[in-house]
Amino acid sequence: MPFFKITLIRSSIGLPKKTQGVLNALGLRKRMATVFKPVNPSTAGQIMRIKELVAVSEVEEALTNVEMRERRRPDPGYYIEKSLAVCLRNLIFFFFLLRWTRKSVLQIKGRGLFGTVAEAYISIRRTFYGIFLRTPGVRSQVQKQVTEAITKLERKLVPQGPGISRYLTLPKEGWTEQQVRAELAKLGDMEHTSWEDGLVSGAVYHGGNDLIKLQSEAFEKFSVANPIHPDVFPGVRKMEAEIVAMVLAMFNAPAGGAGVTTSGGTESILMACLSARQKARAERGVTEPEIIIPETAHAAFRKAGAYFGIKVHLVACPAPTYSVHIPSVSRLINSNTILLVGSAPNFPHGIVDDIASLSRLALRKKGSLPLHVDCCLGSFLVPFLARAGFPTVPFDFTLKGVTSISCDTHKYGFAPKGNSALLYRTSALRTYQYFVSADWSGGVYASPSIAGSRPGALIATCWASLMSQGESGYIDSCYKIVGAAKKIESTIREHPALRDDLNVMGNPLVSVVAFTSKTLNIYDLADALSSKGWHLNALQRPPAIHVAVTLPIVAAVDKLVRDIVAVVEEEKEKERERIVEGKGAKGGAKGDAAALYGVAGSLPNPSVVNSLAEGFLDTLYKA
């Protein structure tokens, strides 16, 4: 017995606790305890040595395994790091899921289930059609046709042939004044659509030859002026401030109203969107801004979305009013909405949106949403409609929800191109469009809009235009221009040769009249009018033509009405001939308008039209 006890103690006691734990797990201690029991003294020594050797061997093997597992076992910090990584991964996935769930909920709320499915279908269709257009055989054919169209465009826009001089480098010696004047005269006399005779829709907002002479004098006097240096050109600063004040008063701005001048309607719209984005970011922490606009709103709002990272929601303007659908606007408003938009009037159809209803929507939101009214086209007509004897609707700062208005002084204000004004209800709203760099090495830099240096001469010509016209002059021009538009509208609605084939779109209140047709190809009519010297605007979605009446068109409105009647009769005769020949009522449109807008309206993916438009832009810079 004493020998047994000594061996047991030597074999199992004195080992590390961790090793004893391993022995316990392996059952070795139990086995050793049962093996080493009292036996015959004669064989005890041999048995004990054998059993001890076996036990020691198993213990050594177990210890070896423990050591190997100890080496493979990671540091406790490893488990902590792994747990943190798993938590972080789950957290990222949770926020990803939450973000897209929120986006989906807002999408369905704004567009409805069927609208969401329809948008998804359109997107998928556009994507697959784009892939189809990029397949080798199709891509080469499309590229060939695009190249042919652009080449045709270049032949039309870029002068060619004998007698055409091209100046691609600076002259070795400067020209004399007589040489410059002679070349300028040739450039001015290049063949063009005769806007002087009133054959061009919009484009040229002419205030008369006497006004142009006055503007030329103002331009000459301030030709080197730059409003970025108000101490050097104090007169320009004064004129700019007065222009803003006059236009604010015209739109019934409250006390504290503010504004800026810009280079045109596009910059005014861009600045209005930028101000709304910065306001929402500073006051509400909005990082995914969205604006809600009528689908007929000016394309500059889409440009602002592309430039400033703003999602643009388009809202339908359904027949018969062609005004923005207010319930759809309401559904689309969410916590990311930074701006609502209405037009007074819109460019395509000349329709004034329901600004009063948009104002109520803007005020309904806690803290109110900014509402911008694009009055670039209406400019100096809409504010004077009532005083000129025409019906009008609320659209300006008298509506409490309206926070900004864009107005082109270079349209019906008759200032030279490059003039517009952006108005705000408060100066605080204007501040959000400012840019200030306080730590630039060149000094403190601040500018009110996109441009730094600006032409003071254009500000001077704008001021001269407003002062020379005055309220009475603008009321008179409103009476003439809107009166001519009403004449076109009433003729289309009432003339026996037109009323069954042409349809005026909505109820235009200002200078633009748009019409379409269910019986004739409207693009054939556009091309037929072009052949008679008219330069009108072809529209799409739906196909239509519009006339933007200007003072030059006022003098030519009777000729326009006669030519519309004539081309409709001609197209109806062609339709009758096709029916007799068994070719069907509507023939295929063949002209330039049909080629462009027919393609644009029929393709699910706009890449082909984009290529044509880019080619057109490239052509503008071919010397």
Side-chain angles (χ1 to χ4, degrees), residues 149-227 233 236 263-267 408-411 413-420 451-465 468 530-537 550-553 555-556 592 613-623:
I150 293 174
T151 302
K152 181 181 177 182
L153 188 63
E154 288 181 9
R155 286 197 296 266
K156 182 178 180 180
L157 293 179
V158 182
Q160 311 205 3
I164 299 298
S165 301
R166 301 184 187 282
Y167 308 104
L168 307 181
T169 59
L170 287 171
K172 296 297 183 182
E173 297 292 336
W175 287 9
T176 64
E177 291 183 6
Q178 291 77 10
Q179 286 177 300
V180 174
R181 290 193 182 99
E183 188 64 24
L184 288 173
K186 286 173 59 178
L187 293 169
D189 292 337
M190 288 177 66
E191 184 179 354
H192 62 279
T193 304
S194 181
W195 64 264
E196 300 90 342
D197 297 327
L199 300 182
V200 176
S201 167
V204 180
Y205 297 87
H206 195 292
N209 291 326
D210 291 340
L211 180 58
I212 287 181
K213 291 178 182 177
L214 179 62
Q215 291 167 346
S216 299
E217 292 176 18
F219 193 99
E220 181 182 9
K221 189 169 186 64
F222 292 92
S223 61
V224 299
N226 183 353
F233 306 105
V236 170
S263 62
T266 292
E267 187 182 359
D408 279 358
T409 46
H410 67 199
K411 285 192 172 72
F414 307 132
K417 282 295 182 183
N419 280 291
S420 181
S453 293
R454 294 178 291 138
L458 286 180
I459 293 173
T461 58
C462 179
W463 184 89
S465 302
S468 67
S530 294
S531 68
K532 292 182 178 294
W534 290 97
H535 187 284
L536 306 184
N537 298 90
T550 60
L551 278 180
I553 288 182
D592 291 342
E614 290 165 1
F616 165 75
L617 295 176
D618 289 340
T619 301
L620 299 182
Y621 295 94
K622 288 187 178 294

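Residue numbers count from 1 along this sequence.
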Asker: Drop me the distance from Asp618's CG to Leu153's CG, to the nearest 0.5 angstrom.
Answerer: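 Spacing of CG (Asp618) from CG (Leu153) equals 10.5 Å.
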Asker: Is it true that, when you exclude Glu220 itself, more than 12 heavy atoms of the residues, nucleotides or ligands shown sit nearer than 6.0 Å to its CD?
Answerer: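 For Glu220, atom CD is not crowded (no more than 12 foreign heavy atoms under 6.0 Å).
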Asker: Do Asn419 and Thr461 touch side chain to side chain, with heavy atoms closer than 4.5 Å?
Answerer: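 Heavy-atom side-chain distance check passes, below 4.5 Å.
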Asker: Does the side chain of Thr619 come within less than 4.5 Å of Ile150's, by heavy atoms?
Answerer: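 Ile150 vs Thr619: side chains touch.
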Asker: Restricting to non-hydrogen atoms, name the atom on Ser420 and the atom on Asp408 that form the minimum distance, rounded to 0.1 Å.
Answerer: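 Smallest interatomic distance, heavy atoms only, reads OG-OD1, 2.7 Å.
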Asker: So which heavy atom on Ala464 is nearest to which on Ala218, and how close?
Answerer: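 Ala464 and Ala218 have their closest heavy atoms at CB-CB, 4.3 Å.
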Asker: Could you measure the distance from the CG atom of Asp189 to the CG atom of Leu184? Nearest 0.5 Å is fine.
Answerer: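 Taking CG in Asp189 and CG in Leu184, the distance rounds to 11.0 Å.
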Asker: Determine whether more than 12 heavy atoms belonging to other residues, nucleotides or ligands lie under 6.0 Å from atom NZ of Lys417.
Answerer: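 Atom NZ in Lys417 is crowded, with more than 12 foreign heavy atoms closer than 6.0 Å.
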Asker: Find out whether Met190 and Ile164 are in side-chain contact, i.e. whether some heavy atom of one side chain is under 4.5 Å from a heavy atom of the other.
Answerer: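 Side chain of Met190 against side chain of Ile164, heavy atoms only: no contact under 4.5 Å found.
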Asker: Return the minimal non-hydrogen interatomic distance between Val236 and Ala225, and the atom names on each side.
Answerer: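 For Val236 versus Ala225, the nearest heavy atoms are CG2-CB, 3.5 Å.
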Asker: Residues two or more places apart in sequence or in another chain: which of them pass side-chain hydrogen bond (donor to acceptor under 3.5 Å, both in side chains) with Ser453?
Answerer: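 Only Asn226 meet the side-chain hydrogen bond (donor to acceptor under 3.5 Å, both in side chains) criterion with Ser453.
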Asker: Atom OG of Ser165 and atom CG of Leu187: how far apart are they, to the nearest 0.5 Å?
Answerer: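 CG of Leu187 is found 9.5 Å from OG of Ser165.
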Asker: Mark yes or no for whether Gln215, through its side chain, and Phe414, through its backbone, hold a donor-acceptor pair below 3.5 Å.
Answerer: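 Here the side-chain-to-backbone pair exists.
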Asker: Might you point out which heavy atoms bring Leu551 and Gly207 nearest each other, and give the distance in Å?
Answerer: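 So the two residues come closest at CD1-CA, 4.4 Å.
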Asker: Which of parallel (below 30°), tilted (30 to 60°) and perpendicular (above 60°) describes His206 and Trp195?
Answerer: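 Ring orientation, 0 to 90° scale: tilted.
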Asker: Any non-hydrogen side-chain atom of Pro416 less than 4.5 Å from a side-chain atom of Ser465?
Answerer: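 Pro416 vs Ser465: side chains touch.
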Asker: Out of curiosity, Asn209 CG to Glu196 CD, how far, rounded to the nearest 0.5 Å?
Answerer: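 Between atom CG of Asn209 and atom CD of Glu196 there are 10.0 Å.
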Asker: Please determine whether the number of non-hydrogen atoms from other residues, nucleotides or ligands lying under 6.0 Å from atom CD of Gln160 exceeds 12.
Answerer: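 Atom CD in Gln160 is packed in, count exceeds 12.
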Asker: The criterion is salt bridge (Lys or Arg N to Asp or Glu O under 4.0 Å); which residues satisfy it with Glu154, sequence neighbours excluded?
Answerer: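 Partners of Glu154 under the salt bridge (Lys or Arg N to Asp or Glu O under 4.0 Å) test: Lys622.
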Asker: How about Leu211 and Ser468: do any of their side-chain heavy atoms sit closer than 4.5 Å?
Answerer: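 Counting from C-beta outward, Leu211 and Ser468 do come under 4.5 Å.
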Asker: Can you tell me how far apart NZ (Lys221) and OG (Ser223) are? Round to the nearest 0.5 Å.
Answerer: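 Here the interatomic distance stands at 10.5 Å.
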Asker: Can you name the residues that form a side-chain hydrogen bond (donor to acceptor under 3.5 Å, both in side chains) with Ser201, not counting sequence neighbours?
Answerer: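 Ser201 satisfies side-chain hydrogen bond (donor to acceptor under 3.5 Å, both in side chains) with Asn537 only.
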Asker: Got more than 12 heavy atoms from elsewhere within 6.0 Å of CG, Leu170?
Answerer: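 At most 12 heavy atoms, drawn from other residues, nucleotides or ligands, come within 6.0 Å of this atom.
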Asker: Is the distance between the ring centroids of Trp175 and Tyr167 under 6.0 Å?
Answerer: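 Distance test on ring centres: under 6.0 Å, yes.
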Asker: Applying side chain to side chain contact (heavy atoms under 4.5 Å, CB included) between His535 and each of Val200, Val204, Leu199, report the one that passes.
Answerer: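 The passing option is Val200.
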Asker: Could you check whether any side-chain heavy atom of Phe222 comes within less than 4.5 Å of a side-chain heavy atom of Ile459, counting everything from C-beta outward?
Answerer: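 When only atoms from C-beta onward are counted, Ile459 and Phe222 do not touch, as no gap falls below 4.5 Å.
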